[in-house]
Amino acid sequence: MNDPVNRTMLLVDIEKFSDRDDVEQAFLRRMLYDVVDRTMERAGIDETLRLRADQGDSVMEFIDPNVPVPQVLRSVITELPAQLKAVNRMASSAAQMRLRTVVASGFIALDERGIWVGSDLNHACRLLDADLLRAALRERPGDVALCVSQSVHAGIVRHGHLGIPAEEFHEVTLASKNGPLPAWLLGPVPASGQAAAAPGTAAGPTPTPVPDASGERPGPAGGTEAGPSGGGPASNSAPAPAPTPSTQPPAGIHFTGGAPAFGGSLVMGNQHGVSGGRVDGDVVMGSVGGPPRPGRTPDQDAPDTTTPSPDDRHTPGTGEAGPR
């Protein structure tokens, strides 16, 4: 392989070349050569200052470093579209063509088979084949889409040389098999490129609640459900309004899946510190419900306010589910 040499690279590719038949493809290749040659001639770039590599549906021009890059870029921006328009005007609809173009710079070398190789050339080829550049040509009314490499923009475009509209170049990131490639696109960015440039802006659907680390299933949205101990809410949702008496469930313990929910009011056995809730019917505080036993005074039927013995203590909410 020869030693690498520095070159300005111009890559031009015909859109939808493989959709044409053999006769149309042969004609398009001749027209492509003609358009590129005329563009270089109008820019004052002699054939002796450029080397060409034919890629079938595309052509690569490697221009001598003594030719100023702004001179090459101006001809691609202004002269190439004019020459293409002149050719398409005289051709039938089947023979008209649209072009993707890339201007880059870097080092290339010839291998033992006469093939140009180099990582800078690979980078330029991936820019030419990028989906975003294809979309840019597809979505615009003109017949040419131009993309320049990061080095060409940093060294030439951004400095506002005569005939190079720096404000019309937009920074893009092109996807490739080797990862994202930074580049600059002349003209508006296609819709697909704008969506990719701002990921995560669209709000996605609300995620479905899943069980937490404790295995408890979240309560219904907007309401609460008794926790494992029959106490606080099982979720952080705002509590729903209390049901009306017509919808109040009967007293008892109700299992509806997950933690048990207690509906109504239930007072049985020795109860201490009972508050809140609603109690319908007769309520008798004591060990056993029912009428007073004969021979006892009203004082004897009054609730015992003394400290209960250890045998009589019950944890609130753990009373038996029926009369003893």
Side-chain angles (χ1 to χ4, degrees), residues 1-15 17 29 32-33 35-37 39-40 43 45 49-77 79-81 84 97-111 113-137 144-158 161 164 166 168-187 189-190 193:
M1 185 177 71
N2 295 339
D3 291 334
V5 293
N6 188 24
R7 289 289 185 269
T8 300
M9 294 176 277
L10 169 62
L11 285 66
V12 185
D13 185 274
I14 302 175
E15 181 189 48
F17 182 80
R29 282 169 51 82
L32 177 62
Y33 273 61
V35 167
V36 174
D37 288 339
T39 300
M40 295 292 100
I45 304 173
L49 297 176
R50 54 191 175 95
L51 300 171
R52 173 172 291 171
D54 191 340
Q55 301 296 311
D57 62 344
S58 63
V59 63
M60 298 186 296
E61 296 280 337
F62 306 118
I63 303 169
D64 192 279
N66 291 320
V67 177
V69 177
Q71 182 178 344
V72 176
L73 198 52
R74 275 193 297 266
S75 66
V76 175
I77 293 174
E79 194 62 35
L80 181 63
L84 178 59
M97 60 183 178
R98 308 180 77 213
L99 303 176
R100 302 191 313 276
T101 59
V102 168
V103 175
S105 62
F107 291 92
I108 57 175
L110 274 174
D111 65 7
R113 291 190 171 94
I115 305 299
W116 291 102
V117 296
S119 58
D120 293 329
L121 178 58
N122 294 340
H123 183 277
C125 291
R126 292 190 178 106
L127 295 182
L128 184 68
D129 197 46
D131 290 338
L132 189 142
L133 185 58
R134 295 176 183 271
L137 179 59
V144 179
L146 170 63
C147 182
V148 302
S149 65
Q150 180 74 20
S151 60
V152 170
H153 182 272
I156 304 298
V157 174
R158 73 182 184 91
H161 293 281
I164 301 176
E168 296 182 18
F169 282 83
H170 301 90
E171 186 175 13
V172 294
T173 300
L174 309 181
S176 75
K177 63 182 181 181
N178 294 111
L181 298 177
W184 291 80
L185 178 69
L186 177 62
V189 179

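The first residue of the sequence shown is numbered 1, and numbering continues consecutively from there.
Atoms CG and CG, on Leu99 and Leu137 in that order, are 8.0 Å from each other to the nearest 0.5 Å. Here Glu171 contributes atom CD and His153 contributes atom NE2; the two are 7.5 Å apart, rounded to the nearest 0.5 Å. In this structure, Ile156 CD1 and Gln71 CD are separated by 11.5 Å, a value rounded to the nearest 0.5 Å.
Put simply, the side chain of Ser105 does not reach to within 4.5 Å of the side chain of Arg7, judged on heavy atoms. The shortest side-chain heavy-atom distance between Leu186 and Val157 does not fall under the 4.5 Å cut-off. A 4.5 Å side-chain heavy-atom check between Asn66 and Leu49 finds every atom pair outside the cut-off. Contact of the Leu121 side chain with the Met60 side chain is registered, since non-hydrogen atoms from C-beta on lie closer than 4.5 Å. Here the side chains of Met40 and Ile63 are in contact, with some heavy-atom distance below 4.5 Å. Side-chain contact between Arg158 and Trp184 is absent, with no heavy atoms from C-beta onward closer than 4.5 Å.
Partner of Ser58 under the side chain to side chain contact (heavy atoms under 4.5 Å, CB included) criterion, out of Ile14, Leu32, Asp13: Asp13 alone. Screening Leu127, Val102, Asp120, Val103 for a side chain to side chain contact (heavy atoms under 4.5 Å, CB included) involving Ser149 leaves a single residue, Leu127.
For the pair Leu132 and Pro190, the tightest heavy-atom approach, listed with the atom from each and the gap, is O-CG, 3.7 Å. The heavy-atom pair separating Leu185 from Ala136 by the smallest distance is CD2-CB, 3.9 Å. Of all heavy-atom pairs between Ile45 and Arg50, the closest is O-NE, 3.9 Å. The heavy-atom pair separating Val172 from Leu174 by the smallest distance is CG2-CD2, 3.8 Å.
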Go through Leu10 and Thr39 one step at a time and tell me if the side-chain contact (heavy atoms from CB on, under 4.5 Å) criterion holds. CA-CA 11 Å; Leu10 169 62; Thr39 300; 5.9 Å; no
Start with the C-alpha distance between Arg52 and Val36, add both sets of side-chain angles, then the distance that settles side-chain contact (heavy atoms from CB on, under 4.5 Å), and finish with yes or no. CA-CA 11 Å; Arg52 173 172 291 171; Val36 174; 3.9 Å; yes
Let me see the working for Arg100 and Arg134 under side-chain contact (heavy atoms from CB on, under 4.5 Å), right down to the final yes or no. CA-CA 7 Å; Arg100 302 191 313 276; Arg134 295 176 183 271; 3.4 Å; yes
Evaluate the criterion side-chain contact (heavy atoms from CB on, under 4.5 Å) for residue pair Leu11 and Cys125; output intermediate values, then yes/no. CA-CA 8 Å; Leu11 285 66; Cys125 291; 3.9 Å; yes
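Salt-bridge formation is detected for the pair Asp54/Arg29: a Lys NZ or Arg NE/NH1/NH2 atom is positioned less than 4.0 Å from an Asp or Glu carboxylate oxygen.
With hydrogens and angles ignored, the 3.5 Å screen pairs a side-chain donor or acceptor of Thr101 with a backbone N or O of Ala145.
Below 30°, between 30° and 60°, or above 60°: for Trp116 and Phe62 the angle between ring planes is between 30° and 60°, a tilted geometry.
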